[in-house]
Amino acid sequence: MRMQSFTSRVLAWYVAHGRKELPWQRDREPYAIWVSEIMLQQTQVTTVIPYYQRFMQRFPKLLDLANADLDEVLHHWSGLGYYARARNLHAAAQQVRDGFDGQFPERFEDVQSLPGIGRSTAGAILSFAMNQPHPILDGNVKRVLARHFAVEGWPGQSAVLKRLWELSDALTSETNPAAYNQGMMDLGAMICRRGLPNCAECPLQSSCQAHAEGREKVLPTPKPRKKLPIKSSYLLVLRDQHDAVLLERRPLMGVWGGLWSLPECPMDADPMTWCREKLAYEPLDMMRLPQRRHTFSHYHFEMLPLEIAVNNPSNRVMDEGVRVWYKLSDPDTRGLAAPVARILNEIEISSTGENG
DNA sequence: AAGTCGGGGCG
DNA sequence: CGCCCAGACTT
């Protein structure tokens, strides 16, 4: 008998083994699926789930998100990374509110025109929410296709990417794209895994070219990587007489965009002098805190936190959009850079320990 | 086409 | 420690 098609095998496998109980699969509301798809960009399912639940509890409807302050959106995103996703999500919600009468658009071109939504995410949202037949191409689908069809080359190369899109487009189910796309993602996550593919339980094994050639572990071709440079800075923890800490808001573009962080003193400067001249606070006492390393996609960040006691006059004027005194005992809803939150948390624990 | 953008999980 | 993960955007 003739072998079932690629597409029908994926569909059958999804019905039998795929994931159907994820929090954003309960209904097919476009807004919920949209939020989940943005969170899932470059982020694994198990990491996303608690963030998704807190986010949806605070912003249950699209208009709740559109009408919220960006600061609070970033607060609920803090720790997930790629904060441009949160800013784009917020801006896109406002575009839907103002340009689409608050209804999430149903035309592919309209969806892809929203900030933060590219071809793959637009296809995912419209296929999952409305069963529209659009292909997707996330990391899982790339891996399944690259292996099954033995596609050579790093998928970041335009020619390789074009070939993978052609395959995804040709294979996507016309009748049940939602189940097919979810099936491909689940196959990539559960069977056709990066490190140790479970070919024995794969519905596509009989036709998989990489498996036939014993190359499933070396495809897809990995990204050529360079050694990450190391950047070091002092992080100044200015602490006033009321146990408040001075925070600065980071520029929207760049690392930790829009989040609140500690003043960053260059390594070639003297922290006491820098504190006096750049921050205009007279340092009274200084203490080293444990050094930390944070790794970004493109460099290591060595943080040398210094706790500096200062006197904070009550009549001093400050621009609260750029700098705030953050009370350790009374944390609010600002988005803090994750390593900064950990540093402040340690200080707060040690200070509460001293007082009782 | 290449670089930017976070944090976590895993071997 | 290196590598990757439900990518999109800028230059």
Side-chain angles (χ1 to χ4, degrees), chain A residues 18-19 22-25 33-52 74 77-89 91-92 111-125 127-128 135-144 153-162 164-165 168 178 181-190 192-196 217-218 220-230 250-259 261 292-301 335-342:
Chain A
R19 293 180 288 196
L22 294 171
W24 44 89
Q25 292 177 321
I33 291 172
W34 172 33
V35 171
S36 75
E37 288 301 324
I38 300 301
M39 287 189 170
L40 287 162
Q41 289 170 4
Q42 306 297 304
T43 311
Q44 295 182 359
V45 169
T46 53
T47 303
V48 161
I49 286 175
Y51 284 89
Y52 174 83
L74 287 170
W77 208 272
S78 177
L80 258 185
Y82 284 90
Y83 298 95
R85 294 185 297 173
R87 289 189 280 108
N88 285 333
L89 186 66
V111 175
Q112 199 184 342
S113 77
L114 295 171
I117 302 182
R119 181 179 178 184
S120 185
T121 299
I125 295 171
S127 62
F128 293 148
I136 62 172
L137 194 63
D138 60 12
N140 289 314
V141 177
K142 284 175 186 170
R143 191 167 53 253
V144 173
W154 172 51
Q157 292 182 310
S158 57
V160 178
L161 196 60
K162 181 167 177 282
L164 292 173
W165 269 115
S168 180
N181 283 343
Q182 189 65 52
M184 286 291 283
M185 287 180 172
D186 292 353
L187 261 181
M190 300 161 64
C192 198
R193 296 168 298 199
R194 172 172 65 94
L196 193 64
K217 286 182 182 173
V218 299
T221 308
K223 173 179 183 166
R225 291 194 190 270
K226 302 173 180 177
K227 277 193 176 177
L228 301 184
I230 302 176
R250 312 240 345 151
L252 288 181
M253 303 306 297
V255 169
W256 294 336
L259 270 65
S261 184
R292 294 172 170 278
R293 169 180 285 208
H294 183 78
T295 301
F296 294 98
S297 314
H298 46 304
Y299 64 91
H300 298 292
F301 185 33
L336 287 173
V340 173
R342 279 191 282 270

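Order of the sequence lines fixes the chain letters, A, B, ..., with proteins taken first and strands second; residue numbering starts at 1 for each chain. Please read all numbers here as calculations on a predicted model, not as lab measurements.
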| Would a 4.5 Å heavy-atom cut-off, applied to side chains only, mark A:Val48 and A:Ser36 as touching? | no

| query | In whole angstroms, how far is the C1' atom of B:dT4 from the CZ atom of A:Arg87? | reply | 12 Å

| task | Would you indicate what A:Ala338 reaches in the nucleic acid, counting non-hydrogen atoms under 4.0 angstrom: base, sugar-phosphate, or nothing? | result | sugar-phosphate

| query | Atom CG of A:Leu228 to atom C1' of C:dC3: distance rounded to whole Å? | reply | 11 Å

| said: Just to verify, what does A:Gln157 make a side chain to side chain donor-acceptor pair (under 3.5 Å) with, not counting sequence neighbours? | reply: none

Check nucleotides 9-11 of chain B against the protein and report each pair of N or O atoms closer than 3.5 Å, with its distance, or say if there are none.
none

| query | In terms of the nearest nucleotide of DNA chain C, which residue is placed more toward the 5' end: A:Lys142 or A:Thr221? | reply | A:Thr221

| request: Can you see which heavy atom on A:Ala86 is nearest to which on A:Leu74, and at what distance? | output: CB-CD2, 4.0 Å

| query | Taking atom C1' of B:dG3 as reference, at what distance in whole Å does atom NZ of A:Lys226 sit? | reply | 9 Å

| message | Please tell me if A:His298 has a side-chain N or O lying less than 4.0 Å from either OP1 or OP2 of B:dC5. | response | yes

| query | Heavy atoms under 4.0 Å, any strand shown: does A:Trp24 hit a base, just sugar-phosphate, or nothing? | reply | base

| said: With a 4.0 Å cutoff (strictly under), does any side-chain N or O of A:Arg193 reach OP1 or OP2 of C:dC5? | reply: no

| field | Atom pair distance, as rounded to whole Å: CG in A:Asn181 and C1' in C:dA6 | value | 11 Å

| request: Classify the nucleic acid contact of A:Gly254 as base, sugar-phosphate or nothing, counting any heavy atom under 4.0 Å across all strands shown. | output: sugar-phosphate

| query | Contact class for A:Gly79 vs. all strands (heavy atom < 4.0 Å): base, sugar-phosphate, or nothing? | reply | sugar-phosphate

| request: Select from A:Ala159 and A:Lys223 the residue whose nearest nucleotide in DNA chain B is closer to the 5' end of that strand. | output: A:Ala159

| query | Whole Å only: how far is the CD atom of A:Gln42 from the C1' atom of C:dC4? | reply | 9 Å

| Knowing that exactly one of A:Trp24, A:Trp77, A:Trp34 qualifies, which makes a side chain to side chain contact (heavy atoms under 4.5 Å, CB included) with A:Met39? | A:Trp77

| request: Write down the distance between CH2 (A:Trp77) and C1' (B:dG6), rounded to a whole number of angstrom. | output: 12 Å

| task | Indicate whether OP1 or OP2 belonging to B:dG7 is found under 4.0 Å from a side-chain N or O atom of A:Trp256. | result | yes

Nucleotide N/O to protein N/O under 3.5 Å, stretch nucleotides 8-11 of chain C:
from	atom 1	to	atom 2	distance (Å)
C:dA8	OP1	A:Gly118	N	3.0
C:dA8	OP1	A:Thr121	N	3.0
C:dA8	OP1	A:Thr121	OG1	2.6
C:dC9	OP1	A:Gly116	N	2.5

| Are any of A:Tyr83's side-chain N or O atoms less than 4.0 Å away from OP1 or OP2 of B:dG7? | yes

| request: Please state how far atom CD1 in A:Ile230 lies from atom C1' in C:dC1, giving the value in whole angstrom units. | output: 12 Å

| message | Distance check, rounded to the nearest 0.5 Å: A:Ile49 atom CD1 versus A:Gln44 atom CD? | response | 11.5 Å

| Pairwise P distance for C:dA6 and B:dG11, with rounding to whole Å | 15 Å

| request: Establish, from distance only, whether the side-chain atoms of A:Arg143 and A:Asn140 form a donor-acceptor pair under 3.5 Å. | output: yes

| task | Could you tell me the separation between the CZ atom of A:Phe301 and the P atom of B:dT4, rounded to a whole number of Å? | result | 16 Å

| When all nucleic acid strands are considered with a 4.0 Å heavy-atom cut-off, which category describes A:Arg293: base, sugar-phosphate, or nothing? | sugar-phosphate

| field | Heavy-atom side-chain contact between A:Lys142 and A:Leu161 under 4.5 Å | value | yes

| request: Can you sort out the partners of A:Arg194 under salt bridge (Lys or Arg N to Asp or Glu O under 4.0 Å), two or more places apart, ordered by chain and number? | output: none

| task | For the pair A:His298 and A:Phe296, name the ring-plane relationship: parallel under 30°, tilted 30 to 60°, perpendicular over 60°. | result | tilted

| request: Quick one: label A:Leu22 by what it contacts on the DNA or RNA (base, sugar-phosphate, nothing), any heavy atom closer than 4.0 Å. | output: base

| On a whole-Å scale, what distance lies between the C1' atoms belonging to C:dC5 and B:dG6? | 12 Å

Got a list of side-chain donor-acceptor pairs under 3.5 Å for residues 111-121 of chain A, not counting sequence neighbours?
from	atom 1	to	atom 2	distance (Å)
A:Ser113	OG	A:Asp110	O	2.6
A:Ser120	OG	A:Leu137	N	3.0
A:Thr121	OG1	A:Gln41	NE2	3.0

| So, is A:Arg19 close to the C:dA6 phosphate, meaning a side-chain N or O under 4.0 Å from OP1 or OP2? | no

| task | Ignoring backbone atoms, test whether A:Arg342 places a side-chain nitrogen or oxygen under 4.0 Å from the OP1 or OP2 oxygen of B:dG8. | result | yes

| Which listed nucleotide (C:dA6, B:dG7, C:dC4) is nearest to the side chain of A:Pro339? | B:dG7

| field | For A:Arg292, all residues meeting side-chain contact (heavy atoms from CB on, under 4.5 Å), sequence neighbours excluded | value | A:Met303, A:Arg342, A:Ile343, A:Glu346

